[in-house]
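So that the names make sense, note that chain A is the first sequence line, chain B the second, and so on, each numbered from 1.
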Amino acid sequence: MNTVEKLSVLGSAAKWDSCSCDCVPAPEQTENRVGERLNCVISRSITPEGKEISLFKTLQTNACSYDCRYCTNSTRCPNSRIASFDGEELAKTFMKLYIKNYVEGIFLSSGIAGDPEASMENMLSTVSTLREKFRFRGYIHLKILPGAGRDQVKQAGELANRLSVNLEAPNRSRLKEVSDIKEYRTDILRRQRWIKYAGARAGQTTQLVVGGCGESDREILRMSRWEYDNMLLKKVYYSGFSPVKGTPMEGAEKTPPGRELSLYRSDFLIRSYKYDFSLVEGIMDDDGMLPRGDPKFHVARTFLDSPLDVNSASYNELVMVPGVGHLSAMRICGMQRSREKITSRGQLRNIGVVLKRAEPFLSIGGHVQRTLEVFS
Amino acid sequence: MRRMTTGQMVKYARRHRDFEENDLEFLEQQTRGEVSSQATGESRRLYNMASNVRGEFDRLRGFLRLEINRHGILYARHTPEHGIEDMLVKHFMYRFPLFTIVLGSQRGTFIGRKNNIEKSVDSMDNIIRMLENTLPESRFLSDLGDYDPDTWKSFYDSQLNPSRQRKDPKKRIALKYLKMEGFAHEMNRFHGGGLTSFLE
């Protein structure tokens with residue numbers, strides 16, 4: 001197989017992994033380098049379905065001795081086309097695309113062909129070639145393979161900007177429904193702990209497959225919160241399960257995109273707005289599933305007993321209101337501290353509050369603006 | 001995009017194709033607060049001009065494809081609407097300090113090397129020929145080897161995920177990309193179908 005054919009196979013296998021490219025500024029300003037890290041996300045291309053490509057995403061090899069039921073590379077799918085890059089070949093392919101300004105950085109993962117440490121070593125050799133031989137100083141997101149060695153994780157932390165190891169499932173029993181070989185605690189959680197101490201500049205992320213093993217939203221979000229608190233994750237990605245032909249799960253139901261969206265929104269409330277988990281849990285049904293629509297709206301409807309007085313509400317109360325974000329809440333609190341009263345809707349609009357969404361939950365001078373839709 | 005200061009607004013607005021010096025006369029009559037909060041029609045016009053320039057720069061630094069010359073020259077030909085060629089050259093000079101950057105546009109040819117940006121009225125092809133006579137072949141680029149044009153197509157096609165295909169891609173793709181010159185061409189070239197089917 002030539003390089004272009006390998007790219008077709010290995011690029012396609014890597015597309016299921018979610019990532020974004022929020023870079024950190026380059027700490028070094030030497031001239032003897034190729035590339036730098038921008039402090040913003042730059043797209044390089046748009047696919048017809050509207051997906052923005054900024055990173056060169058590929059596997060080192062799709063040969064894999066693990067048995068994940070949803071994956072075409074697993075031992076349960078013996079008829080897949082197998083391809084492998086060696087370190088130098090992959091590094092050159094990426095550098096040419098980078099210099100031509102097609103991609104912003106590289107996202108590298110791999111199947112586990114036999115020994116995980118050997119597979120991890122191949123990936124590290126690609127990344128070392130990029131950093132040392134080609135003096136690449138741009139963005140590298142490197143997957144840590146379940147079963148990789150501690151020294152390898154440490155080395156990865158020195159070479160890559162971001163590291164990640166996929167959780168796939170929210171707990172051990174759910175993972176067992178997907179794979180008999182992967183061990184939740186030793187293969188995955190332990191590696192996450194090592195990554196936490198490895199010191200990658202852009203930190204670590206992880207990915208959960210949603211809908212692959214019957215888990216509820218409660219299980220997923222509970223695990224996400226634990227991850228943010230204990231593993232200091234930057235972000236959890238939620239990848240909706242899509243059955244792939246040729247895998248044991250090809251007949252399973254596809255996860256609706258709305259479920260993925262609800263999880264991301266709830267995750268944002270927990271991670272950025274610091275909502276207590278009990279608030280989000282309080283809007284779930286008996287099966288632990290989130291309702292359709294905006295979780296913030298559901299939380300406000302469930303937990304705000306009466307409209308908030310905008311001139312006396314605390315920051316934590318204000319961010320519970322749909323249409324009031326972190327910045328608007330800070331500005332309102334700033335006005336409270338300087339004893340300025342908010343007396344009109346126009347003032348709230350100028351602050352940045354989205355009135356259409358916030359009005360039913362706010363009271364200005366004792367008055368509440370409501371429409372009939374609120375009662376439906 | 002980060003919020004612009006008044007100075008940045010003026011700096012970017014000056015590059016707009018429709019900018020005239022008397023656009024700035026109003027600044028002398030208005031307070032800083034009026035200008036930065038776009039309280040007047042003139043300040044909003046200035047902001048819109050600056051925003052258009054910055055938007056074009058952001059799009060082009062993401063989507064301008066560079067060609068590689070074995071003498072260590074990265075070059076591209078484009079016709080930006082606003083005068084941002086030197087900004088683009090500066091951006092790529094910082095990104096690729098080992099190479100010489102050449103950008104050909106309707107306003108001339110811009111050359112970036114050794115922390116200097118020059119503008120020439122000569123054609124881009126002539127400039128590159130002149131540079132080839134003075135610059136040695138780049139060992140870095142010869143180590144990389146030749147570029148196969150099918151590489152990008154192969155990777156781009158591999159990222160397509162039919163299970164994520166939406167019935168309303170027009171809504172999914174930001175308008176700023178749909179409006180870009182060359183975007184329709186890229187979509188058509190790689191996927192055979194016309195972009196118009198997405199826009200209907």
Side-chain angles (χ1 to χ4, degrees), chain A residues 2-16 26 29-36 38 40-54 56-58 88 91-93 95-104 133-135 137-138 240-244 254 257 350, chain B residues 1-2 37 58-59 61-68 74 76 91-92 94-99 114-115 140-141 143-166 168-174 177-178 180 183 186-187 190-191 193 195 197-198:
Chain A
N2 64 27
T3 301
V4 170
E5 286 163 345
K6 286 182 194 179
L7 205 42
S8 175
V9 173
L10 297 174
S12 181
K15 70 180 176 226
W16 305 103
Q29 306 294 324
T30 62
E31 297 301 296
N32 190 21
R33 60 177 166 86
V34 179
E36 37 87 52
L38 299 176
C40 59
V41 176
I42 295 285
S43 311
R44 292 288 181 250
S45 194
I46 311 287
T47 61
E49 67 264 30
K51 183 171 139 186
E52 297 183 6
I53 300 174
S54 59
F56 179 65
K57 279 168 68 173
T58 185
E88 178 107 357
K92 282 183 179 178
T93 306
M95 284 307 297
K96 286 178 219 173
L97 288 177
Y98 183 77
I99 289 173
K100 288 176 76 62
N101 204 38
Y102 274 111
V103 290
E104 169 64 25
K133 183 173 179 186
F134 294 116
R135 287 167 272 170
R137 294 295 177 266
F241 170 74
S242 281
V244 179
K254 182 182 163 184
N350 290 340
Chain B
M1 281 199 284
R2 290 206 187 109
S37 64
D58 277 339
R59 279 195 304 279
R61 68 179 174 156
F63 287 88
L64 189 65
R65 309 304 190 204
L66 302 174
E67 298 299 328
I68 303 174
L74 302 179
H91 164 73
F92 288 115
Y94 179 73
R95 178 160 263 232
F96 303 118
L98 297 180
F99 306 114
K114 293 181 185 171
N115 296 324
F140 184 95
L141 292 175
D143 276 348
L144 273 188
D146 290 330
Y147 172 72
D148 183 342
D150 287 335
T151 306
W152 173 248
K153 179 181 186 319
S154 179
F155 172 68
Y156 181 85
D157 287 347
S158 75
Q159 298 302 293
L160 182 67
N161 190 348
S163 68
R164 296 275 191 175
Q165 198 94 30
R166 288 175 65 108
D168 55 348
K170 186 174 65 163
K171 286 184 186 171
R172 180 69 177 89
I173 298 172
Y177 298 126
L178 288 175
M180 274 175 55
F183 180 69
E186 183 159 312
M187 300 279 278
F190 289 142
H191 293 277
L195 184 62
S197 59
F198 289 105

**OP:** Look at the side chain of A:Lys92 and the backbone N and O of B:Asp143, then say whether any donor-acceptor pair between them is shorter than 3.5 Å.
**Re:** yes
Subject >> B:Asp148 versus chain A, the contacting section by heavy-atom distance below 4.5 Å >> reply: side chain
Original post:
Where on B:Leu144 is there a heavy atom nearer than 4.5 Å to chain A: the side chain, the backbone, both, or neither?
Top reply: both
Original post:
Heavy-atom distance under 4.5 Å to chain B: side chain of A:Ser8, backbone, both or neither?
Top reply: both
**OP:** Kindly write out the residues that satisfy salt bridge (Lys or Arg N to Asp or Glu O under 4.0 Å) with B:Glu67, not counting sequence neighbours, or none if the list is empty.
**Re:** A:Lys100
Subject >> Residue list, ring-ring contact (aromatic ring centres under 6.0 Å, His included) with B:Phe99, at least two apart or on another chain >> reply: B:Phe140
Subject >> Side-chain donor/acceptor of A:Asn101 to backbone N/O of B:Leu64, under 3.5 Å >> reply: yes
